[in-house]
Amino acid sequence: MRVLIGRMWMMVLAGVALSCAALTACDRPAPPPRIAAAADLRLALTEIAAAFERDTGRKVDLLFGSSGNFYRQLQQGAPFAMFLSADEEYVLDLAKAGRTTDQGRLYAVGRLALVAPKASPLKVDEGLEGLRKALARGDIRRFAIANPDHAPYGRRAREALEQAGLWQPLEPHLVLGENVSQALQFAIDGGAQGGIIAWSLVQDPALGARADFALIPAELHAPLRQRMVLMRSADETARRFYAYIDQPPARAILDRHGFALPSAAN
């Protein structure tokens, strides 16, 4: 009899333990959705996410990097709920492959900037004449851009330099960032005399004391049409964040960080 009672108590305790575990799992809040975002959005999207959390009480987990690298990860099933690419072709390809809810939406058009540390012999200007003269003097030993193989800003930087006739003389001096944010680090802190990066990243007030920069004419390269899309695994918070980016407060933040804003029809 004593053995039977002991077994009954063990069964009761096991049942209680399983019930507690189930309740704990039910009570545990879902983790924030992971958002893959182009590196040029680091300043603007961080500010938008903070406003989104303040307005809705919901959080998102932002990861910034090269759009091309995120594209490859998403092709292989990486668990991102949403993708904001600096090149809309990546989004459209993912849509064709059936990995997204639709073809997404154009949310911004990016611009390029020529940047140089304050002590650099490179004098920045929109027409890239300062860069041409610095190259002719032999003053450029290292010049940073994002890797054109997978970073949209790197590809557009190459197009601008080719259009200006500067790609060939500059190519031996290039240092390539994994993404445009790393290219900015190389251009300012990596011993380079300058670089071409995203205009949105030079809107950081702290950068003005350390570097000079100039907006590169859009005519020198193909447009940086940036498209966002929800992945098929997107949860309710990701869907709300996607819609939030189209609202006036978020669009005002993008505008303030130097992005051109497309119309709602895009």
Side-chain angles (χ1 to χ4, degrees), residues 32-56 58-75 77-112 150-153 155-156 179-181 198-201 203 218 221-266:
R34 304 181 79 203
I35 311 295
D40 69 321
L41 289 165
R42 179 172 52 82
L43 299 175
L45 199 63
T46 299
E47 188 175 335
I48 290 172
F52 174 72
E53 181 178 351
R54 188 170 58 248
D55 292 345
T56 68
R58 293 172 180 256
K59 293 183 179 180
V60 294
D61 183 12
L62 301 176
L63 288 91
F64 297 102
S66 157
S67 295
N69 285 340
F70 281 138
Y71 166 71
R72 280 193 291 274
Q73 293 171 26
L74 287 163
Q75 279 184 317
F80 292 110
M82 181 176 164
F83 179 35
L84 294 97
S85 174
D87 184 339
E88 68 173 346
E89 292 301 323
Y90 289 134
V91 167
L92 297 176
D93 283 351
L94 288 169
K96 288 177 185 173
R99 294 192 174 278
T100 64
T101 57
D102 55 21
Q103 291 190 332
R105 179 171 295 189
L106 195 69
Y107 64 90
V109 178
R111 296 291 302 273
L112 293 177
H150 55 76
Y153 275 86
R155 284 200 293 276
R156 298 298 179 257
N179 53 62
V180 74
S181 186
W199 180 246
S200 61
L201 295 179
Q203 306 308 308
H221 58 87
L224 278 152
R225 290 170 57 89
Q226 305 197 189
R227 185 172 287 265
M228 62 180 178
V229 73
L230 287 166
M231 307 307 295
R232 289 200 171 277
S233 61
D235 62 6
E236 179 61 20
T237 297
R239 292 177 185 277
R240 290 195 184 192
F241 188 58
Y242 181 86
Y244 189 85
I245 292 175
D246 262 347
Q247 300 304 308
R251 288 171 64 83
I253 292 172
L254 288 169
D255 179 57
R256 181 156 42 79
H257 284 276
F259 290 100
L261 301 181
S263 67
N266 292 301

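The structure presented is a predicted model; accordingly, all values stated were derived computationally and were not measured.
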Can you check whether [X] reaches [Y] side chain to side chain, under 4.5 Å on heavy atoms?
| X | Y | answer |
| --- | --- | --- |
| Ile35 | Phe80 | no |
| Tyr90 | Pro152 | yes |
| Val60 | Glu53 | no |
| Thr100 | Arg232 | no |
| Phe241 | Arg58 | no |

Checklist entry - Thinking salt bridges, do Glu89 and Arg225 make one under a 4.0 Å N-O criterion? => result no
Checklist entry - Salt bridge or not for Arg227 and Asp87, using N-O below 4.0 Å? => result no
So, for [X] and [Y], which heavy atoms are closest and what is the spacing to 0.1 Å?
| X | Y | answer |
| --- | --- | --- |
| Ala39 | Phe64 | CA-CB, 4.3 Å |
| Met231 | Thr101 | O-CG2, 3.7 Å |
| Ala234 | Ala81 | CB-O, 3.5 Å |
| Leu63 | Phe70 | O-CZ, 3.4 Å |

Is the backbone N or O of [Y] less than 3.5 Å from a side-chain atom of [X], with the two atoms forming a donor-acceptor pair by type?
| X | Y | result |
| --- | --- | --- |
| Arg251 | Pro262 | yes |
| Ser67 | Ala86 | yes |
| Glu47 | Leu43 | no |
| Arg99 | Gln75 | yes |
| Arg42 | Ser200 | no |
| Ser85 | Val91 | no |

Next on the checklist: Quick one about His150 and Ser66 (side-chain donor to acceptor, distance below 3.5 Å, no hydrogens or angles considered), yes or no?
Outcome noted: yes
Checklist entry - Do you see a donor-acceptor pair shorter than 3.5 Å between the side chains of Asp40 and Tyr153? => result yes
Which distance, rounded to the nearest 0.5 Å, do you find between the [atom1] of [X] and the [atom2] of [Y]?
| X | Y | atom1 | atom2 | result |
| --- | --- | --- | --- | --- |
| Asn69 | Leu74 | CG | CG | 11.0 Å |
| Phe259 | Gln226 | CZ | CD | 5.0 Å |
| Tyr107 | Leu45 | OH | CG | 8.0 Å |
| Glu88 | Asp93 | CD | CG | 10.5 Å |
| Ile48 | Leu62 | CD1 | CG | 9.5 Å |
| Thr237 | Met82 | OG1 | CE | 12.0 Å |

Checklist entry - What's the verdict on side chain to side chain contact (heavy atoms under 4.5 Å, CB included) for Met228 and Ile245, showing C-alpha distance, side-chain angles and the deciding distance? => result CA-CA 10 Å; Met228 62 180 178; Ile245 292 175; 3.9 Å; yes
Checklist entry - Which is it for Arg105 and Tyr242 under the side chain to side chain contact (heavy atoms under 4.5 Å, CB included) test, yes or no, and what are the steps along the way? => result CA-CA 10 Å; Arg105 179 171 295 189; Tyr242 181 86; 3.5 Å; yes
Next on the checklist: Just checking Gln103: does its CD atom have more than 12 heavy atoms from other residues, nucleotides or ligands closer to it than 6.0 angstrom?
Outcome noted: no
Item to check | ring pair (Phe, Tyr, Trp, His ring centres under 6.0 Å) partners for Phe83, two or more places apart | outcome: none
Next on the checklist: Please determine whether side chain to side chain contact (heavy atoms under 4.5 Å, CB included) holds for the pair Leu254 and Leu41, giving the CA-CA distance in whole Å, both sets of side-chain angles, and the decisive distance to 0.1 Å.
Outcome noted: CA-CA 9 Å; Leu254 288 169; Leu41 289 165; 4.1 Å; yes
Item to check | CA sep, side-chain torsions, deciding dist, call: His221, Leu112, side chain to side chain contact (heavy atoms under 4.5 Å, CB included) | outcome: CA-CA 9 Å; His221 58 87; Leu112 293 177; 3.5 Å; yes
